[in-house]
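By convention in this document, chain letters (A, B, ...) are assigned in the order of the sequence lines, proteins followed by strands, and residues within each chain are numbered from 1.
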Amino acid sequence: MDESSGLIKEIKKKVKELRSKGLNLYPSGFRRDITVGEVVNRFGKMDNNELERTTDIFTLAGRVMSIRDFGKAFFIHIKDGTGKLQAYIRKDRVGDEDFEIIELIDSGDHVGLTGQLFRTKTGELTLLANSLVLLSKSQRPLPEKYHGLIDVETRYRQRYLDLIVNDDVRHTFILRGRIIQTIREFLDKQGFIEVETPMMQSIPGGATARPFKTYHHALGMDLYLRVAPELYLKRLVVGGLEKIYELNRNFRNEGISTDHNPEFTMLEFYVAYATYEDLMDLTEKLFLYLLNKLFGRLTIKYQGNPIDFTTPWPRISLADSLKDIGGMPESVLSDSQALIDLARSKGVDVKDNEEIGRVLNKFFEYIVEPKLIQPTFIVDHPIEISPLSRRKDENSEIAERFELFIGGKEIANAFSELNDPDDQRQRFLKQASLRDAGEEEALFMDEDYLKALEYGLPPTAGEGIGIDRLVMILTDSLSIRDVILFPQMRKK
RNA sequence: GGGCCGUUAGCUCAACUGGCAGAGCAACUGACUCUUAAUCAGUAGGUUCGGGGUUCGAUUCCCUGACGGCUCACCA
């Protein structure tokens, strides 16, 4: 905003005037004895007769959201972290000194109020003020009260304004906090230990994604922001931590979209002596716990579609989903040339010698994924797109893996972990050759991780859940930026 | 990175084929001690995102840049 804006000049004038009265515009030490939310809870249902009998005097604080000036009286609305309450300020009640202050107050200012409750003619619960204190002067105008703040760029860059003005945004982020808290609660009850592993890694691993690179001066070495905690968590399982999780940020140097932010929050958890099938059961349990705790019901709406979390959820192999949901002819599934031709005819971008598993996966993302609105486990992925997964005993080209889809989005990815160090070495070598061929997302060879595997990783299953996307589903948000407080933006 | 769309007062939005840049809210002055999108009377507020071009004249047309949204590609 332009500093010479007329509105700001007006406010600065008031600031000078208030200061010339010897008033501290930013005093400390004011204590409230109740919040707006508590007031509404306790007195919201009482009629005026009951309120008149309660002669309690309360001290409240909040931001002034609206002002209606009647000359010798004011109605204002204040808002604190728990809600909104009207206050009635009469000159004959607060006295001349306090009344001079209210005359100079703007919406956006924080005030402290003392008084008792009553109900106005129109029935609104209102604080009849005995006194008023300015707690913090706002020196910039708030967005308009009726339309709120709509401009998305301002909403993301100045999220605090968005939070002040748009209650639904506030509720989304409060719910996000509760979701994360409830997940921790569930995992805690299941006997998991929360651990923290490096965000800065000398060899980035655990996911096929391009990392951010940085440099440590004292050590004189390159470091990468982690794309996943996976390989460190599995080292811990080698070390005997049998049920662990990490819930924190990952960083991927990829495109930005409504489903992608360069830094995003991921839950990863590992269970020794379990399989990917056990994790499907556990995932269903987790969601039931979340839905019951947060909403008290199992059906929610996402972008107009009802989503029913009642278990069990369908478990469909990737190949079957291509046939049954994507409508792909069975004959094409095993014929790589026919598959590539079909892909091209549908506008799916594939290379000439692209491996069949990768083509199938691209097809899946194109024709099946958007249709998976109800919670669905897709299982048995091609091994070539699963370099850290255990092979199936009965078919070495298929991984013991599942992905969970809800609302047409991938929400979770899990597998029985590859614990054969020799097989893992071969997979790393394959990834290294892809990297040499120019694929920047391919995995790095990680000798240190292989060494850990050589000490013996017990049979283990692990899962990652994209928290931002989960929050999107549970808060009916269209863009990942609406569930991340400060989404990545270009410098202005 | 490509395509499409957008950027006008503090906020939300108008402005026809290129012809004096406007409204509501907010602000300011005044009136009003039960209003609630308060009301009434008045006032002020603009680098029309930046730069260049075409034109007698550009918010409008053209070129270019910045930022944002959607989308495709990449990915989760």
Rounded distance (Å) that lies between atom P of B/C11 and atom CD of A/Glu153 | 12 Å

Nearest-angstrom distance from the residue atom CG of A/Asn261 to P of B/G68 = 13 Å

Within 45° of the ring axis of A/Phe173 and under 6.0 Å from its six-membered ring centre, is that where the NZ or CZ of A/Arg176 lies?
-> no

Quick one: label A/Arg469 by what it contacts on the DNA or RNA (base, sugar-phosphate, nothing), any heavy atom closer than 4.0 Å.
-> base

Evaluate the side-chain proximity of A/Ile101 to A/Lys21: yes if any heavy-atom separation is below 4.5 Å, no if none is.
-> no

Scan A/Gly464 against the nucleic acid and name what it touches under 4.0 Å (heavy atoms): base, sugar-phosphate only, or nothing.
-> nothing

When rounded to whole Å, the CG to P distance for the pair A/Asn166 and B/C11 reads 14 Å

Ignoring backbone atoms, test whether A/Arg481 places a side-chain nitrogen or oxygen under 4.0 Å from the OP1 or OP2 oxygen of B/G68.
-> no

Does A/Ser479 make a side-chain N or O approach to OP1 or OP2 of B/G69 shorter than 4.0 Å?
-> no

Side-chain N or O of A/Arg68 closer than 4.0 Å to phosphate OP1/OP2 of B/A37 | no

Under 6.0 Å between ring centres, would you say that holds for A/Phe364 and A/Phe405?
-> yes

Sugar-phosphate, base or nothing in reach of A/Arg490, heavy atoms under 4.0 Å | sugar-phosphate

Quick one: is A/Thr208 getting a side-chain N or O under 4.0 Å of the B/A76 phosphate, OP1 or OP2?
-> yes

Nucleic acid footprint by protein, nucleotides 26-34 of chain B - heavy-atom cut-off 4.0 Å, B for base, S for sugar-phosphate alone | BSS---BBB

For A/Thr258, report the nucleic acid contact type (base, sugar-phosphate, nothing); a contact means any heavy atom under 4.0 Å.
-> sugar-phosphate

Distance under 6.0 Å and angle within 45° of the ring axis: does A/Arg235 meet both against A/Tyr449?
-> no

RNA chain B nearest-nucleotide lookup for A/Thr126 and A/His147: closer to the 5′ end is A/His147

Looking at the side chain of A/Glu441, which of B/C11, B/C70, B/C74 is the nearest nucleotide?
-> B/C74

Taking atom P of B/G10 as reference, at what distance in whole Å does atom CD1 of A/Ile8 sit?
-> 9 Å

Does the side chain of A/Ser477 come within less than 4.5 Å of A/Thr172's, by heavy atoms?
-> yes

NA contact type, A/Arg157, heavy-atom cut-off 4.0 Å: base, sugar-phosphate, or nothing?
-> sugar-phosphate

If pairing means Watson-Crick or G-U wobble with both distances under 3.5 Å, then the partner of B/G24 is B/C11

From the candidates B/C67, B/U35, B/A76, the one with an atom nearest any side-chain atom of A/Gln86 is B/U35

A/Glu10 and A/Lys13: CA distance, side-chain angles, deciding distance, salt bridge (Lys or Arg N to Asp or Glu O under 4.0 Å) verdict | CA-CA 5 Å; A/Glu10 285 293 344; A/Lys13 243 168 70 186; 3.6 Å; yes

Between A/Arg249 (CZ) and B/A76 (P), how many Å, whole number?
-> 19 Å

With a 4.0 Å cut-off on heavy atoms, is A/Gly255 in touch with a base, just the backbone sugar-phosphate, or nothing at all?
-> base

Should we count CE of A/Met489 as having more than 12 external heavy atoms under 6.0 Å?
-> yes

C1' spacing across the pair B/G46 / B/A14, given as an integer number of angstrom = 15 Å

Fit a plane to each ring of A/Tyr245 and A/Phe192, take the angle between them on a 0 to 90° scale, and name the class: parallel (under 30°), tilted (30 to 60°) or perpendicular (over 60°).
-> perpendicular

Looking only at atom C1', what distance separates B/A37 and B/G24, rounded to whole Å?
-> 10 Å

Nearest to the side chain of A/Glu124 - B/C67, B/U35, B/A76?
-> B/U35

Residue among A/Phe251, A/Phe444, A/Phe212 satisfying ring-ring contact (aromatic ring centres under 6.0 Å, His included) with A/Tyr224 = A/Phe444

For A/Met489, answer base if it contacts any base atom (sugar-phosphate contacts may also be present), sugar-phosphate if it contacts only those atoms, and nothing otherwise; contact means non-hydrogen atoms under 4.0 Å.
-> sugar-phosphate

Within the structure shown, what part of the strands sits under 4.0 Å from A/Lys491 by heavy-atom distance: base, sugar-phosphate, or nothing?
-> sugar-phosphate

Pair partner, B/A41 [Watson-Crick or wobble, under 3.5 Å] = B/U29

Nucleotide nearest A/Ile480 (side chain, heavy atoms from C-beta), chosen from B/G69, B/A76, B/G24 = B/A76

C1'-based separation of B/C67 from B/C49 [nearest Å] = 8 Å

Whole-Å gap separating C1' (B/C11) and CD (A/Gln158) = 12 Å

Scan A/Arg401, A/Glu400, A/His381 and name whichever one has a side-chain hydrogen bond (donor to acceptor under 3.5 Å, both in side chains) with A/Ser386.
-> A/Arg401

Report the distance from atom CG of A/Leu372 to atom C1' of B/A76, rounded to the nearest whole Å.
-> 15 Å

Could you state the atom-to-atom distance from CG of A/Asp151 to C1' of B/U7 in whole Å?
-> 8 Å

By nearest nucleotide on RNA chain B, pick out whichever of A/Lys492 and A/Leu478 is the more 5' one.
-> A/Lys492

Looking only at atom C1', what distance separates B/C62 and B/C25, rounded to whole Å?
-> 37 Å

